[in-house]
Amino acid sequence: MLRDSNIDYALTDLTDRDVEEYYQGFANRVLWPICHYRLDLAEYGRREMAGYFRVNHFFASRLLPLIGEDDLIWIHDYHLIPLAAELRRQGVKNRIGFFLHIPWPAPDVFLAMPVNDEILTSLTAYDVLGFQTENDRENFADCLLRQGLGSRSDNTHFTVGARSFTARHYPIGIETEEFAKLAQRAAETSLHKRMLQSLDGKGLIIGVDRLDYSKGITQRIDAFENFLTRNPDSQRKVTLLQITPKSRSEVPEYEAMQRAVAEQAGRVNGALGTVDWVPIRYVNRSLRRPALAGLYRMAKLALVTPLRDGMNLVAKEFVAAQSEADPGVLLLSRFAGAAQELKDAVLVNPYDVEGTAEAVARSLAMPLEERRDRWKGMMKALRGNDVFSWCDTFLGDLSTGEQGAFENIV
Ligand code: ADQ
């Protein structure tokens, strides 16, 4: 047990085999690609599937002695879908909620996965199921009903045998006010000053994503190259800073992508760069939050162009970090959950490289008044739904069975 301020962490070890089958295997090579509409990348195997259920059973047995009679249990994300069913099997009667941070795909995609029935049935062991968007919830409901695994009495109430549960959308937020303050203070830091100096008057465009095929980084670099080629006047006037920490490097698709993106950025820099201008600065590191907040605030434009994303908190952080007097523009993929709330962003289809390139040009030329109007609209959404209200609404529903305010959002 580990204590950090008022949180106790209970940690447990996994064997190498567990990590390979459960985490790298079923969670990250089956569920992750399928939920992000990448059936082509799903590598299903019975061994990995068995590892996934085995490790969830193991987690349940480790958790069991820690659960108090009145505890609310809130389980997060796709690694742990069967955990409630395992706990129920071991006699747990507490209210249990689940929040899925990633998208739930359309039925034709989800139902292509072997063991889809087991995954769906596992979810019916929860009392409250949370999704990022209404679309995700509807996709889940369509899967459940199509498989004849339950019935629905209204938008959010479902019944399976003797059990009933609620499924709703709870769009996750950020610490809006804290992040805004962090960004304001960042101007004092030495990194901020060094960055301004190194830009030498050039406009900063920023992209911040874990290295993941769902984030559309390849298409984004193509779009930026297309923009520079079609707008030669902009060459030497802007720089794209793409900050991309490596993730899940043990999974082959991620390892291949690391090489592909580095080569692509190198090729664009080689083709278009000059002795004193590098079009793309490509950085494989994590930054501390204050540094990130300062860079967001310095940027004229953020490119947040995932091919599919549950929410995308980078989009929200970028907006919160802007100055009211002279805000930058958010260019956002329609396929990020955040697009349901941030309707004042410049919305793009990231598969349309030329369309995205045009949107980059439009965004960089956007008059101050329009930038401010759009920013105000987005800030209103972020203030109305920060991470604290997200948490309170979910836990309110979980503790009372009543519904909070999110049905009115969007
Ligand atoms: P992620 O796929 O990790 O999360 P995202 O929502 O963008 O995606 O969150 C990334 C977080 O990591 C942000 O807070 C960002 O600031 C931080 N981050 C990214 N790059 C960084 C860097 N180089 N240095 C430091 N910090 C960095 C999953 C889902 C999303 C969903 C979230 C939350 O895939 O769709 O929005 O969970 O539910």
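Counting starts at 1 for both ligands and their atoms, following the listed order. Not measured: the values here are computed from a predicted model.
For ligand 1, the atoms closer than 4.0 angstrom to any heavy atom of Pro245 are 20 (N), 21 (C), 22 (C), 23 (N). The distance from ligand 1 to the heavy atoms of Ile172 drops below 4.0 Å at these ligand atoms: 38 (O). Near Ile243, meaning under 4.0 Å from any of its heavy atoms, are these atoms of ligand 1: 23 (N). Short contacts between ligand 1 and Val208, defined as distances under 4.0 Å to a heavy atom of the residue, involve ligand atoms 19 (C), 20 (N), 21 (C). Counting atoms of ligand 1 from 1 in the listed order, those under 4.0 Å from a heavy atom of Arg210 are 1 (P), 2 (O), 3 (O). The ligand atoms of ligand 1 that sit less than 4.0 angstrom from a heavy atom of Gly310 are 35 (O). Annotation for ligand 1: atoms under 4.0 Å from non-hydrogen atoms of Val314 are 7 (O), 15 (C). Of all atoms in ligand 1, listed by their number and element, those nearer than 4.0 Å to a heavy atom of Gln132 are 31 (C), 38 (O).
Of the listed residues (Gln242, His76, Glu317), the one carrying the non-hydrogen atom nearest atom 13 (C) of ligand 1 is Glu317. Taking each of Lys215, Met311, His36, His101 in turn, the one with a heavy atom nearest to atom 1 (P) of ligand 1 proves to be Lys215.
For Asp326 (side chain) and Leu368 (main-chain N/O), no donor-acceptor pair under 3.5 Å exists by modelled atom type. Side-chain atoms of Tyr126 come within 3.5 Å of backbone N or O of Ile81 as a donor-acceptor pair.
Within the 4.0 angstrom cut-off, atom 15 (C) of ligand 1 has one or more protein heavy-atom neighbours. For atom 22 (C) of ligand 1, a protein heavy-atom neighbour is found at a distance under 4.0 Å. In this structure, atom 10 (C) of ligand 1 has no protein heavy-atom contact shorter than 4.0 Å.
Side-chain N/O atoms of Gln90 and Ser61 include no donor and acceptor closer than 3.5 Å. The closest side-chain donor-acceptor pair between Asp136 and Thr133 falls under 3.5 angstrom. A donor atom on one side chain and an acceptor atom on the other are found under 3.5 Å apart for His57 and Glu86.
Partner of Glu225 under the salt bridge (charged side-chain N to carboxylate O under 4.0 Å, His left out) criterion, chosen from Arg220, Arg230, Arg267: Arg267. If you run side chain to side chain contact (heavy atoms under 4.5 Å, CB included) between Phe224 and each of Leu228, Ile221, Asn226, only Leu228 comes through.
Heavy atoms of Trp390 stay at 4.0 angstrom or farther from ligand 1. In this structure, Tyr296 counts as a contact residue of ligand 1, since one of its heavy atoms falls inside 4.0 Å of the ligand.
For a threshold of 3.5 Å applied to N or O pairs, the pair formed by Leu287 and ligand 1 contains at least one separation below that value. Taking only nitrogen or oxygen atoms, main chain and side chain alike, Arg285 reaches within less than 3.5 Å of ligand 1. In terms of polar-atom proximity, defined here as any N/O pair under 3.5 Å, Asn312 does make such a contact with ligand 1.
Using bins of under 30°, 30° to 60° and over 60° for the plane-to-plane angle, the ring pair Tyr254/Tyr213 lands in the tilted bin. Ring geometry for Phe99 versus Trp74: interplanar angle over 60°, hence perpendicular rather than tilted (30 to 60°). Using cut-offs of 30° and 60° on the angle between ring planes, the pair Tyr52 and Phe26 is tilted.
Looking at every heavy atom in both residues, Tyr78 comes nearest to Phe98 through N-CZ, 4.3 Å.
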Name every donor-acceptor pair, under 3.5 Å, that has one atom in a side chain of residues 100-109 and the other anywhere in the protein, sequence neighbours excluded.
| from | atom 1 | to | atom 2 | distance (Å) |
| --- | --- | --- | --- | --- |
| His101 | NE2 | His76 | ND1 | 2.9 |
| Asp108 | OD1 | Arg146 | NH1 | 3.0 |

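Distance from atom 26 (N) of ligand 1 to its nearest protein heavy atom, with residue and atom name: Leu292 CD2, 3.6 Å. Distance from atom 34 (O) of ligand 1 to its nearest protein heavy atom, with residue and atom name: Asp309 OD1, 3.5 Å.
Stacking of Arg163 on the aromatic ring of Phe165 is not recorded, the 6.0 Å distance cut-off and the 45° axial limit not both being met.
Counting heavy atoms under 4.0 Å from ligand 1, residue Thr244 does not touch it at all. Contact annotation: for Trp32 versus ligand 1, heavy atoms closer than 4.0 Å belong to the side chain alone.
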